[in-house]
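For reference, the structure discussed in these notes is given below.
What's counted below: heavy atoms across the whole structure, side chains too, no hydrogens, waters or symmetry copies.
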Amino acid sequence: MSTRGLLAWVTFVGILAALFLAFLYAPPDAKLGDTQRLFYFHVASAWTGLLAFTVVCVASIAYLRTGQARWDRLALASTEVGLLFITMAVITGSIWARFAWGTWWEWEPRLTSAFILWLMYAAILLVRNLVEEPERRARYAAVFGIIAFADVPVVFMSVRWWRSVHPVVVSAAGLDLEPPMVLAMVVAVLAFTLLYVMLVGERVRLARLEQELAECKRAWREEGGDAR
């Protein structure tokens, strides 16, 4: 079995394990009941989104230093996949807030900083679509990726820096959860991380094929062909 196939199977098993632990193993919350089960996927998607944008920052710095296209492809893939996960975090957080706080949205520090992060990375993809010249597009996206990363630590630390209605799950005192809940959360985080790695790997591979196709078309046009 290839590495890609093995990763796909491990990810599939991890997602099944996360679903089993979240819906059948972990007990319901004393206050929120079964609604609390959304928490495991909310935390996992938020963690994966922040991880993805950290990778974007590192890949962007590497591209600006080396000019190698592989770093730009990694930054692009991680931006797209990271935006998907942070969107899931915002949506699941909003649904959770409806049951926990009685409102779909609260402009408190964690939700606000996460929404700003979502906007900044959506803007990076917009820039990539607006700039046609490949090298200039990659440079602009890299600079935007580094600037946007500044919001990542703000999102993570917001509930610690400012008073907020958002719960603090992980603190200096440890996890404020029962052991079965901790297990469900950890497995969900691992499963989503594997899913991120798999999706980014596939997107990088697709981006490389797109680049090779574009180079073939350019070479064909230079030889007088009609590549469309």
Side-chain angles (χ1 to χ4, degrees), residues 11 14-54 79-126 148-196 199:
T11 303
I15 294 294
L16 288 181
L19 290 172
F20 170 79
L21 292 171
F23 289 106
L24 299 177
Y25 177 73
D29 182 73
K31 295 181 179 177
L32 296 176
D34 288 329
T35 305
Q36 190 265 352
R37 299 182 192 280
L38 191 64
F39 156 84
Y40 306 114
F41 304 103
H42 171 67
V43 171
S45 55
W47 149 258
T48 311
L50 297 184
L51 170 66
F53 297 142
T54 302
T79 299
E80 292 179 345
V81 177
L83 193 60
L84 170 66
F85 279 105
I86 209 68
T87 300
M88 291 170 56
V90 170
I91 292 174
T92 53
S94 178
I95 296 173
W96 185 88
R98 178 65 181 83
F99 291 98
W101 303 336
T103 179
W104 291 103
W105 189 263
E106 185 72 32
W107 289 104
E108 57 84 43
R110 171 60 66 83
L111 269 65
T112 302
S113 57
F115 182 64
I116 292 173
L117 188 68
W118 186 92
L119 288 176
M120 288 196 289
Y121 279 94
I124 292 174
L125 294 182
L126 181 62
F149 176 76
D151 192 40
V152 170
V154 175
V155 174
F156 183 76
M157 296 299 295
S158 56
V159 293
R160 297 164 180 79
W161 288 344
W162 300 288
R163 289 187 177 183
S164 169
V165 294
H166 194 286
V168 180
V169 179
V170 182
S171 65
L175 292 170
D176 186 21
L177 294 171
E178 297 180 22
M181 294 178 172
V182 174
L183 178 62
M185 184 186 74
V186 170
V187 171
V189 168
L190 292 175
F192 274 42
T193 303
L194 287 171
L195 181 61
Y196 161 76
L199 292 176

(request) Identify, with sequence neighbours excluded, every residue that meets side-chain contact (heavy atoms from CB on, under 4.5 Å) alongside Leu19. (result) Ile15, Phe23, Phe41
(request) Compare every heavy atom of Ser158 with every heavy atom of Val155, then report the nearest pair and how far apart it is. (result) O-OG, 2.9 Å
(message) To check you understand the geometry: which heavy-atom pair defines the closest contact between Ala188 and Ala44, and what is its length?
(response) O-CB, 3.5 Å
(request) Output the distance between atom CG (Leu119) and atom CD1 (Ile124), rounded to the nearest 0.5 Å. (result) 11.5 Å
(request) Provide the full list of side-chain hydrogen bond (donor to acceptor under 3.5 Å, both in side chains) pairs with a residue in residues 94-108, sequence neighbours left out, each pair given once. (result) Glu108-Ser164
(message) Side chains of Val187 and Leu190, heavy atoms from C-beta outward: is any pair under 4.5 Å?
(response) no
(request) Mind listing the closest non-hydrogen atom pair of Thr54 and Leu50 along with its distance? (result) OG1-O, 2.9 Å
(request) Drop me the distance from Tyr40's OH to Phe192's CZ, to the nearest 0.5 angstrom. (result) 13.5 Å
(request) Could you check if a side-chain atom of His42 sits within less than 4.5 angstrom of a side-chain atom of Met88, using non-hydrogen atoms only? (result) no
(message) Main chain of Ala26, side chain of Arg37: is a donor-acceptor contact present, judged purely on distance under 3.5 Å?
(response) yes
(message) Show the nearest heavy-atom pair for residues Phe156 and Arg110, with the distance to one decimal.
(response) O-NH2, 3.0 Å
(request) To the nearest 0.5 Å, tell me how far Met120 CE sits from Leu83 CG. (result) 11.5 Å
(message) Quick check for you: to the nearest 0.5 Å, what is the distance between Thr79 atom OG1 and Ile86 atom CD1?
(response) 12.5 Å
(message) Within this structure, what is the CG-CD distance for the pair Leu183 and Glu178, rounded to the nearest 0.5 Å?
(response) 12.5 Å
(message) Suppose we screen for salt bridge (charged side-chain N to carboxylate O under 4.0 Å, His left out). Which residues come up paired with Glu80, at least two apart in sequence or across chains?
(response) Arg203
(request) Nearest 0.5 Å please: distance from the CG atom of Leu117 over to the CG atom of Asp151. (result) 5.0 Å
(request) State which residue, out of Phe115, Phe53, Phe149, fulfils the ring-ring contact (aromatic ring centres under 6.0 Å, His included) condition with Tyr121. (result) Phe53
(message) Quick check against the 3.5 Å criterion: does Asp34 have a side-chain atom that pairs as donor or acceptor with the backbone of Pro28?
(response) no
(message) Could you check whether any side-chain heavy atom of Phe99 comes within less than 4.5 Å of a side-chain heavy atom of Ile95, counting everything from C-beta outward?
(response) yes
(request) Could you tell me whether the side chain of Val182 reaches within less than 4.5 Å of the side chain of Val186, counting heavy atoms only? (result) yes
(message) For the backbone of Pro109 and the side chain of Thr112, can you confirm whether one donor and one acceptor N or O come within less than 3.5 Å of each other?
(response) no
